[in-house]
Novice: 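Could you have a look at this structure, given as structure tokens, before my questions?
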Amino acid sequence: MKTLKLIFAVVLTALIGVPATAWAQSYDDDIYLIDKTAPIPENETKKERKERIKKDHEIVDSIYHLKAEHAAEDGYFVLQATEVRNSYGHYELGLNDNTNFMLMQGDKGIFQVAFNNMDAGANGLGGITLHGRISNKKLTHDKKGNTIITYTMVGRRMNASVTITIFKESDQAIADVFPNLGNGHISLRGRIVPYLNEDIRIEP
């Protein structure tokens, strides 16, 4: 048990120690680059400016979607969750995305939720943490243009089937985690960000 807690502590130190800017991508910076590279018409009206900015945002959203999709395909990403829902429909909003996440690093991953309550939970953070080895990963697309990633995560404490949906033209995603034992499941919602950190220690 002490070894398990130590592993969790090492992982959390590695993850929480990374600045949020290392995970998050700067939306404003990408808009700035588009503004600097795309010609702005002279005597642009307010309506034209509004339409141009809308198109710029659509371009950036599309870029973020491709980044998220490629990261999922490569197998190195983190889903930063700010919303968690259980199978009974209970929501937790405004959560810390440094402690609520779905992480994949090659053939290994971590699933963790840490609720805002006084209960220490199984991981000492008011929730659960699962380290696992990843297999049977598949990437497909549905009729709406969303990207669907499915895989199996096998760990010492729990095995689970995972389905991640990355919404069309966005890096927003939902991860549905279905434990192989039991009827319930947990859903995490947030952004998928490309993330590779060889210092993270994952021991299924």
Side-chain angles (χ1 to χ4, degrees), residues 15 18 20-35 38 50-106 109-115 127 130 132 134-153 160-179 184-197:
L15 291 174
V18 177
T21 53
W23 283 14
Q25 306 165 45
S26 175
Y27 194 95
D28 291 336
D29 285 349
D30 282 350
I31 288 291
Y32 175 79
L33 288 175
I34 290 175
D35 282 342
K50 185 177 180 180
E51 291 177 351
R52 176 175 57 82
I53 291 175
K54 180 182 178 181
K55 289 181 179 179
D56 288 349
H57 279 261
E58 289 174 350
I59 292 171
V60 172
D61 287 340
S62 178
I63 292 171
Y64 280 1
H65 178 83
L66 288 174
K67 286 182 179 180
E69 182 177 87
H70 290 164
E73 188 172 8
D74 292 341
Y76 292 91
F77 70 86
V78 61
L79 190 160
Q80 304 168 268
T82 55
E83 176 183 318
V84 176
R85 181 180 65 179
N86 63 23
S87 55
Y88 301 102
H90 177 68
Y91 279 86
E92 287 283 349
L93 305 176
L95 297 176
N96 185 339
D97 60 16
N98 279 347
T99 53
N100 292 270
F101 57 86
M102 175 69 71
L103 175 74
M104 182 183 288
Q105 298 288 283
I110 302 174
F111 156 66
Q112 177 170 289
V113 291
F115 298 109
L130 168 65
I134 292 169
S135 61
N136 303 319
K137 190 181 76 168
K138 295 180 181 179
L139 190 149
T140 59
H141 298 87
D142 64 17
K143 294 180 180 179
K144 297 180 180 179
N146 302 321
T147 302
I148 311 296
I149 304 103
T150 60
Y151 58 89
T152 301
M153 194 168 173
S161 298
V162 179
T163 299
I164 299 177
T165 301
I166 308 176
F167 298 113
K168 178 182 178 181
E169 304 301 328
S170 170
D171 60 0
Q172 291 292 315
I174 289 182
D176 292 308
V177 183
F178 300 87
H185 76 280
I186 297 177
S187 298
L188 294 80
R189 179 161 186 159
R191 300 180 66 200
I192 280 193
V193 179
Y195 185 70
L196 170 61
N197 189 335

Novice: Which pair of heavy atoms, one from G190 and one from L79, lies closest together, and at what distance?
Specialist: N-CD2, 3.8 Å
Novice: Hey, could you give me the NZ/OG1 distance between K144 and T165, rounded to the nearest 0.5 Å?
Specialist: 10.0 Å
Novice: If I take atom CG from residue L103 and atom CD from residue Q80, how far apart are they, to the nearest 0.5 angstrom?
Specialist: 10.5 Å
Novice: What closest approach, in Å, do I166 and S170 show between heavy atoms, and which atom pair accounts for it?
Specialist: CG2-O, 3.5 Å
Novice: Can you measure from CD1 (I192) to NZ (K67) and round to the nearest 0.5 angstrom?
Specialist: 14.5 Å
Novice: In Å and rounded to the nearest 0.5 Å, what is the CD to CZ distance from Q105 to F77?
Specialist: 9.5 Å
Novice: Restricting to non-hydrogen atoms, name the atom on D142 and the atom on N146 that form the minimum distance, rounded to 0.1 Å.
Specialist: OD1-N, 2.9 Å
Novice: Donor-acceptor pair, N136 side chain versus Y151 backbone, under 3.5 Å?
Specialist: no
Novice: To the nearest 0.5 Å, how far apart are CD in Q112 and CG in N100?
Specialist: 7.0 Å
Novice: Nearest 0.5 angstrom please: K55 NZ to I59 CD1, how far?
Specialist: 9.0 Å
Novice: What closest approach, in Å, do G106 and I134 show between heavy atoms, and which atom pair accounts for it?
Specialist: O-CD1, 4.4 Å
Novice: Does any donor atom in the side chain of S187 or D176 lie under 3.5 Å from an acceptor atom in the other side chain?
Specialist: yes
Novice: Does the side chain of M153 come within less than 4.5 Å of M104's, by heavy atoms?
Specialist: no
Novice: State whether a side-chain donor-acceptor pair under 3.5 Å links H65 with T147.
Specialist: yes
Novice: Around K168, counting heavy atoms of other residues, nucleotides and ligands shown, do more than 12 lie under 6.0 Å from its NZ?
Specialist: no
Novice: State which residue, out of I110, V162, V113, V78, fulfils the side-chain contact (heavy atoms from CB on, under 4.5 Å) condition with M102.
Specialist: V162
Novice: What is the minimum heavy-atom distance between P194 and A71, and which atoms define it?
Specialist: CA-CB, 3.7 Å
